[in-house]
Amino acid sequence: MLRFGLRSKFILLSCFLFLLPWLGYEYVWEMEKFLRQGQEKTLVGTTRALATALHERPALFDEQTNFLDQVVKGRDLYAYNLKNPIQLDGKLSDWQSYQPLFWHYDKRYLQKTDPEHKSDDLSFDHMVGKFDNYLYAVFKVTDDHLIYRAKNSLSITNNDYLKIGIKSPNGDFNTYIIAPRQDGWVNAFDANTKIPFTKIQGFFIRTETGYNAELRFPINMLGNKLGFAVVDIDTTKAPLDSKIMATSNLNNPSDLGSVLVPSPEINRILKGMGHSGSRIWVVDNHHRVLAQSGTIQNADGVWADGLKNQPPKNAWQRFEQTYLHPLYYKILTRPENEFLDTLHDVASMQGAHLAKALKGQPASSWRLTPDSKAVILSAAYPIWIDDKVIGAVIAEETTNGVRTLRNKSLEKLFNVILAVMLIGTVTLFFFASRISSRIRRLRDTAEQAIDAQGRITGSINYSDSNDEIGDLSRSFANIVGRLGGYTNYLENMSSRLSHELRTPVAVVRSSLENLQSLPQNELSQKYLERASEGVERLGKIITTMSEATRLEQSIQSNESEPFDLQKVINGCMQGYQLTYPEQLFELDVCQNPLPMQGAPEFIAQLLDKLINNALEFSEANTAINVGLKQSENKAILTVSNTGPALPEGLTEHIFDSMVSVRSQQMQQQPHLGLGLYIVRLVCDYHKGSVTAQNNERGNGVVFKVTLPLQS
Amino acid sequence: MKKIAIIEDEAAIRENYIEMLSAQGYQVSGFADRPSAEIAFKDALPDLAIVDIGLGHEIDGGFLLCQTLRTLSKTLPIIFLTARDSEIDTVCGLRMGADDYLTKDISLAHLAARIGALFRRMEALEQPADANALITRGSLKLDTQRMQVFWQQQLVDLTVTEFWMLHSLSQRPGHVKSRNDLMSDAKIYVDDSTITSHVKRIRKKFIALDNNFDCIDTVYGMGYRWEQR
């Protein structure tokens with residue numbers, strides 16, 4: 001069975017410490033939620049502040065197209081703020097980054113519906129942009145038959161051409177035509193006067209599928225309406241059949257599409273807000289962006305200010321950054337400044353918050369960037385003119401600031417928790433080790449206090465500590481002490497008993513002897529003799545009983561002396577051979593001296609008892625084997641005889657006081673089981689040991705005495 | 001008629017001994033405790049005292065009585081007759097000046113013999129030495145009549161038991177006497193270890209006079225012998 005020590009249990013329990021980081025994480029998570037709410041409120045506040053600056057300033061919005069009820073994509077143009085100047089060269093590389101903003105015009109934009117129309121015949125991609133004081137327009141036209149203006153032709157319309165309709169700031173409506181004679185630099189003509197109009201410049205270049213055209217004109221020409229038409233003529237022969245694909249109807253000024261140019265005034269106001277750490281948009285009520293400031297990549301609000309990563313200043317910070325932070329950021333995510341932003345350049349803003357704001361309600365929303373790397377918080381606030389919502393201010397921030405803040409606090413929290421866990425675990429470990437070692441020590445002492453025979457070998461050193469283990473050790477010491485007392489009582493039983501019996505025996509004996517001295521008849525003489533015999537036996541028992549006690553006493557007072565074990569054993573064996581002439585002894589006794597320290601007479605007594613025991617149990621006509629040999633620095637004495645085997649479970653106990661395994665027939669002589677007890681006493685005195693075992697064949701018993709030799 | 005005093009708290013034993021000894025022709029008086037005995041001894045000392053160690057509630061009353069008696073007389077023979085057979089008690093009793101230390105499992109006949117021996121010794125001390133009763137083994141001189149032992153002309157103070165054991169050993173030097181032999185020669189019935197301790201005590205008494213004494217030889221498993229050097 002798997003065994004769990006105290007220590008492993010404690011360590012298991014200390015695993016609950018690992019709940020701490022989880023709790024901390026949850027706590028910080030909650031905190032982050034509050035921070036986000038705070039950020040939301042702040043952001044709404046930012047938008048409100050800006051909206052407040054824009055309220056009731058119709059001048060800022062008048063020029064725009066707010067009077068339109070609706071804005072149609074493709075017809076109503078939006079001049080994007082271009083980040084870099086456009087080189088008029090007909091190549092579209094300058095526009096590369098604005099490619100997604102190109103609007104594709106196809107047969108839906110034909111002035112005359114023609115179901116047969118194919119996109120090969122005529123279609124174009126187009127966008128307008130604003131840089132510096134110029135408005136740029138780009139056309140990527142697909143046309144299967146490009147017809148240039150003839151070299152000597154006065155007409156500018158008998159060929160493929162671009163038509164531009166502009167409503168000037170003071171309300172005049174002008175149309176201009178770009179009719180290139182060849183690839184290269186082109187100027188516009190006034191459509192009515194056919195006089196070249198050099199304010200509109202452009203570059204025209206033929207391509208495989210059609211042509212590209214880039215145009216530029218000063219922005220101050222432009223009111224709030226603008227339209228382009230691409231006129232395609234596929235044959236120079238009359239009748240001229242021209243296809244016109246236009247952003248809006250250029251023939252009727254009122255049908256002209258609007259153009260929205262980001263408002264420089266609002267931009268200026270926005271610029272003042274540009275330091276708020278947010279990306280801010282101002283949109284009109286058609287969701288079109290009037291102005292924009294800031295980039296979302298840097299818009300993390302004001303939350304992470306002062307929390308930027310700094311180079312480590314000391315060893316701890318170095319350690320923290322080198323070892324701990326990589327660990328933490330396996331769980332945490334570091335906010336990234338590189339993420340995809342769908343609103344990078346948009347002409348019109350969408351979103352529930354904006355819709356709500358345009359209805360007059362400040363609102364905010366969260367969204368995840370498409371690459372899931374950042375969460376963007378948007379807040380929108382309506383701009384009022386009179387009772388009408390004229391637009392909205394949108395502010396956007398990433399939650400990176402909050403997340404940085406959260407990460408910083410989690411780092412600190414993890415540091416603390418790590419320290420607490422480390423200290424806690426180590427403390428618990430040492431505590432558990434200490435407890436288990438104390439308990440083990442107690443167990444060891446308890447086990448050592450009682451030997452295999454169940455005798456008390458020593459007292460327990462109890463500890464003074466004032467806890468349960470101390471109590472336990474004290475009570476163990478107490479138990480062992482009391483047990484020792486009881487064992488002592490039992491061991492002294494025989495001597496006490498013999499002492500107590502001696503007096504009544506003396507009474508009986510003296511009385512009987514006195515009685516014997518009187519004249520007796522034959523019958524009473526017989527009984528007297530029997531009684532005397534009984535008393536004699538009783539006396540013998542008493543003598544035997546006190547023998548062990550006396551041996552113990554003489555052992556205590558005996559002074560040990562050096563002697564030769566071999567000589568003692570050999571001498572004794574000679575004696576036995578004389579004493580028991582009928583008994584056969586087989587000797588295997590080594591002849592070299594075996595020096596020992598002790599009492600030779602005790603050894604002789606030990607051998608006496610072993611031989612007596614062997615004689616008593618050995619079968620008739622079998623030899624008693626006595627062996628003595630040296631094994632390293634120990635002498636091994638064996639006495640073996642054939643006869644009844646030792647009962648199982650008693651081999652350890654036959655050396656105890658008053659234990660006898662004699663059968664009923666052998667109990668004729670008084671026997672108290674003290675002989676082998678004496679053997680053990682002598683062995684103990686010489687710091688040796690004695691064991692009894694059945695021999696290999698199970699038909700006899702071997703006593704083995706091991707005695708240490710003096711080196 | 002020799003006067004014997006028996007100080008024994010067990011009435012039955014006391015009476016039995018009194019009767020037995022009276023039958024042998026001694027004049028015996030018995031006492032149950034130490035105070036009554038001491039009062040009687042102030043008037044007249046007996047010729048021999050048989051004392052039990054435990055007297056009534058006095059555990060060591062016999063020892064105290066022995067000391068009192070020794071102050072009254074240096075030569076009065078004292079026998080401890082007790083149930084206590086421990087080594088310490090034996091040594092203690094003999095040291096206090098008792099002439100013999102017997103345990104209660106002794107037979108009456110044996111007791112009578114010991115008493116007789118003690119009286120003979122007393123008498124012998126008063127009579128001039130008889131040359132025939134002297135045994136001489138080198139530096140050892142044994143006066144069997146006066147029960148005195150001399151080693152290199154110095155008196156060795158042995159008890160009666162010890163005297164008879166030494167006598168038994170020295171009668172036939174070089175011959176091994178088993179413990180049983182010694183026991184019967186000394187007329188005591190004790191276990192082997194008591195014999196061993198008696199022999200040891202004899203040795204010690206000689207060694208006290210002569211550091212080089214090694215005439216009593218242990219023959220392991222068989223017994224002892226007197227080795228003439």
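Note that the coordinates shown come from a computational prediction; the quantities given were computed from them, not determined experimentally. Naming: A, B, ... by sequence-line order, numbering from 1 per chain.
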Worksheet item: Would you call B/Leu64 and B/Arg34 a side-chain contact if the rule is heavy atoms closer than 4.5 Å?
Response: yes
Response to the item:
So, the part of A/Thr503 with a heavy atom under 4.5 Å from chain B: the answer is both
Discussion item. Below 4.5 Å, heavy-atom pairs only: which of A/Cys572, A/Pro504, A/Ser517 has the largest tally toward chain B?
Written reply: A/Cys572
Practice prompt. Below 4.5 Å from any heavy atom of chain B, which atoms of A/Leu578 appear? Answer side chain, backbone, both or neither.
Written response: side chain
Fill in: Residues A/Gln597 and A/Ser560: side-chain donor-acceptor under 3.5 angstrom
yes
Response to the item:
From the list A/Gly539, A/Ala604, A/Ser511, the residue making the most non-hydrogen contacts under 4.5 Å with chain B is A/Ser511
Item to complete: State whether B/Arg95 and B/Asp157 are salt-bridged, where the test is any N-O pair (Lys NZ or Arg NE/NH1/NH2 against Asp/Glu carboxylate O) under 4.0 Å.
Response: no
Worksheet item: Checking heavy atoms, do the side chain of A/Val568, its backbone, both or neither come under 4.5 Å from chain B?
Response: both
Practice prompt. Kindly check if the number of other-residue, nucleotide or ligand heavy atoms within 6.0 Å of CD (A/Glu533) is above 12?
Written response: no
Fill in: Which portion of B/Ala109 sits near chain A, non-hydrogen atoms under 4.5 angstrom
backbone
Fill in: NZ/NE/NH1/NH2 to OD/OE distance under 4.0 Å, B/Asp47 and B/Lys2
no
